[in-house]
A.B. asks: 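First, the structure itself, so that you have it in front of you.
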Amino acid sequence: MPRERPPDDGDELLARLGSLTAQARRRAQVQRSQVELALALQRGMLPRDLPTAPGLHLAVRYTPANLGLNVGGDWYDAFPLPDGRIGLSIGDVQGHNIEAAAAMGQVRAGLRALASVTGDPGELLARTNDLLLSLGSELFATCTFLRLDPATGSLESARAGHIPSVWATADGKSGVVHDEGGPPLGIERGVQYPVTRHRLSTGGVVVLLTDGVVEGPELTVEDGLDQVVRLAGIAAVAGLEARALAAAVIKGAEGVGHEDDAAVLVVGLDGPGTPP
């Protein structure tokens, strides 16, 4: 009785390689679908329109992280408050996945809803913090919220674990906003967030941003903030449009070597006031 011939080693290797390739292709398709879903969540939850007011200049730039599953929870927002002032927020939910993108939408929606009850930045962050804890999520978020009166330039801000904002005036002064701040949202109950008050001057700007703009393997957060301070100072003195400054800041983010989201919100005002 003739002996069966063993399968050719080369054919067996090719078969195994084909099977592994098919598995890798399926995993890549699932991963791509997850990334596309998270990006769609991000885009759908960010505002399509920004509020307008005489003398107010708002500009935003947003670059999502989309390497692998590094889809983060950065957001920006701007909306009119019931008293006629403008609410402005920027923040970052911990994590880089679909859950972070979904949590971002919850925090942003919570801020908007609670702002109809109170526009005070400190109280608003405190209530949003309690709301996030009540949802039972294990994620936390950093955030800065500003309340601006376009008619007077009055600006009030509160910060929850977020990186500080940058300011510049038309007479050549610029720097980082020095405020006390508080812990991120969703970590500790009963937190009070102090409010810092300034006045936005004619031709001046305030730049809100997320850490993906200024921090990464190639750049420390201090150096990154200094870079934004320089850009804001040049833009204010030169009278550049808010959108030109936002574009320059997000362009500079390419040099930090990060794989994180990057969001920038520039606020400018033509009206009365003094430097922050």
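Below, each value reflects all heavy atoms present in this structure, side chains not excepted, and no hydrogens, waters or symmetry copies.
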A.B. asks: Would you say S165's side chain and V206's backbone share a donor-acceptor pair under 3.5 angstrom?
C.D. replies: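 Here the side-chain-to-backbone pair does not exist.
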
A.B. asks: Is any side-chain heavy atom of T152 closer than 4.5 Å to one of R199?
C.D. replies: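 Side chain of R199 against side chain of T152, heavy atoms only: contact under 4.5 Å found.
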
A.B. asks: I'd like to know if the side chain of R197 and the backbone of S154 have a donor-acceptor N/O pair within less than 3.5 Å.
C.D. replies: no

A.B. asks: Do F79 and V107 share a hydrophobic cluster (ILVMFWY, side-chain heavy atoms under 4.5 Å, transitive)?
C.D. replies: yes

A.B. asks: Considering the options V266, L225, L265, which one meets the side-chain contact (heavy atoms from CB on, under 4.5 Å) requirement together with L209?
C.D. replies: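 For L209, the side-chain contact (heavy atoms from CB on, under 4.5 Å) test succeeds with only one of V266, L225, L265, which is L225.
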
A.B. asks: Less than 4.5 Å apart, side chain to side chain, heavy atoms only: is that true for D179 and S157?
C.D. replies: yes

A.B. asks: Over all heavy atoms of both residues, which pair between G87 and F145 is shortest? Give the atoms and the distance, please.
C.D. replies: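 Result for this residue pair: CA-CZ, 3.8 Å.
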
A.B. asks: Which value, rounded to the nearest 0.5 Å, describes the distance between L131 atom CG and L125 atom CG?
C.D. replies: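 Reported value, rounded in 0.5 Å steps: 12.0 Å.
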
A.B. asks: Roughly how far, to the nearest 0.5 Å, is the NE2 atom of H178 from the OG1 atom of T196?
C.D. replies: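 Nearest 0.5 Å value for the OG1-NE2 distance: 11.0 Å.
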
A.B. asks: Run the side-chain contact (heavy atoms from CB on, under 4.5 Å) check on I250 and T63 step by step: do they pass?
C.D. replies: CA-CA 8 Å; I250 205 71; T63 302; 3.6 Å; yes

A.B. asks: For G186 and N129, which heavy atoms make the closest approach, and how far apart are they?
C.D. replies: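 Closest approach of G186 to N129, heavy atoms only: N-OD1, 2.7 Å.
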
A.B. asks: Is any side-chain heavy atom of L240 closer than 4.5 Å to one of L245?
C.D. replies: no

A.B. asks: Let me see the working for V177 and R159 under side-chain contact (heavy atoms from CB on, under 4.5 Å), right down to the final yes or no.
C.D. replies: CA-CA 11 Å; V177 174; R159 187 164 57 95; over 6 Å; no

A.B. asks: Applying salt bridge (Lys or Arg N to Asp or Glu O under 4.0 Å), name anything that partners R230, two or more places apart in sequence or on another chain.
C.D. replies: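 None.
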
A.B. asks: D226: what forms a side chain to side chain donor-acceptor pair (under 3.5 Å) with it, not counting sequence neighbours?
C.D. replies: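 Counting only residues at least two positions away or on another chain, D226 forms no side chain to side chain donor-acceptor pair (under 3.5 Å).
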
A.B. asks: Write down the atom of A158, the atom of Y193, and the distance for their closest heavy-atom approach.
C.D. replies: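 In this case the closest contact between A158 and Y193 is CB-CB, 4.4 Å.
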
A.B. asks: Treat each ILVMFWY residue as a node, draw an edge where side-chain heavy atoms are under 4.5 Å apart, and state whether F140 and V93 are in one component.
C.D. replies: no

A.B. asks: So, do V249 and R61 sit near enough that their side-chain heavy atoms are less than 4.5 Å apart?
C.D. replies: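 They are not in side-chain contact.
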
A.B. asks: To the nearest 0.5 angstrom, please state how far the CG atom of L132 sits from the CD1 atom of I187.
C.D. replies: 9.5 Å

A.B. asks: Give the cluster check for V264 versus V176: same hydrophobic cluster or not, with ILVMFWY residues linked at side-chain heavy-atom distances below 4.5 Å.
C.D. replies: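 Linked within one cluster.
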
A.B. asks: Does the side chain of L58 reach to within under 4.5 Å of the side chain of L88, using non-hydrogen atoms?
C.D. replies: yes

A.B. asks: Can H162 and D92 be counted as having a side-chain donor-acceptor contact under 3.5 angstrom?
C.D. replies: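 Checked: H162/D92 side chains show no N/O donor-acceptor pair below 3.5 Å.
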
A.B. asks: What about V60 and L155, same hydrophobic cluster or not, with Ile/Leu/Val/Met/Phe/Trp/Tyr joined at side-chain heavy-atom distances under 4.5 Å?
C.D. replies: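 Yes.
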
A.B. asks: I'd like to check Y62 versus D74 (side-chain heavy atoms, cut-off strictly below 4.5 Å). Are they in contact?
C.D. replies: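 Counting from C-beta outward, Y62 and D74 do come under 4.5 Å.
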
A.B. asks: Show me the pairs that pass salt bridge (charged side-chain N to carboxylate O under 4.0 Å, His left out) and involve residues 114-126, at least two apart or across chains.
C.D. replies: E123-R127

A.B. asks: At their closest point, which heavy atom of L124 faces which heavy atom of L111, and how far apart are they?
C.D. replies: CD1-O, 3.7 Å

A.B. asks: For E222, what residues pass the salt bridge (Lys or Arg N to Asp or Glu O under 4.0 Å) criterion, not counting sequence neighbours?
C.D. replies: none

A.B. asks: Please determine whether residues V221 and V228 belong to a single hydrophobic cluster, defined as Ile, Leu, Val, Met, Phe, Trp and Tyr linked transitively by side-chain heavy-atom distances below 4.5 Å.
C.D. replies: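 Yes; V228 is reachable from V221 via cluster members.
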
A.B. asks: Can you list every salt bridge (charged side-chain N to carboxylate O under 4.0 Å, His left out) pair that touches residues 81-91, not counting sequence neighbours?
C.D. replies: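 Non-adjacent pairs meeting salt bridge (charged side-chain N to carboxylate O under 4.0 Å, His left out): D83-R85, R85-E156.
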
A.B. asks: Quick check for you: to the nearest 0.5 Å, what is the distance between L50 atom CG and H57 atom NE2?
C.D. replies: 13.5 Å

A.B. asks: Indicate the atoms forming the closest heavy-atom contact of G224 with L219, along with that distance.
C.D. replies: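 Closest heavy-atom pair between G224 and L219: CA-CD2, 3.4 Å.
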
A.B. asks: Can you list the residues that meet the side chain to side chain donor-acceptor pair (under 3.5 Å) rule with D49, with sequence neighbours excluded?
C.D. replies: none

A.B. asks: Looking at every non-hydrogen atom in both residues, tell me the closest pair between A115 and L81 and how far apart they are.
C.D. replies: CB-CD2, 3.8 Å

A.B. asks: To the nearest 0.5 Å, how far apart are CD1 in I163 and OG1 in T144?
C.D. replies: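 Spacing of CD1 (I163) from OG1 (T144) equals 8.0 Å.
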
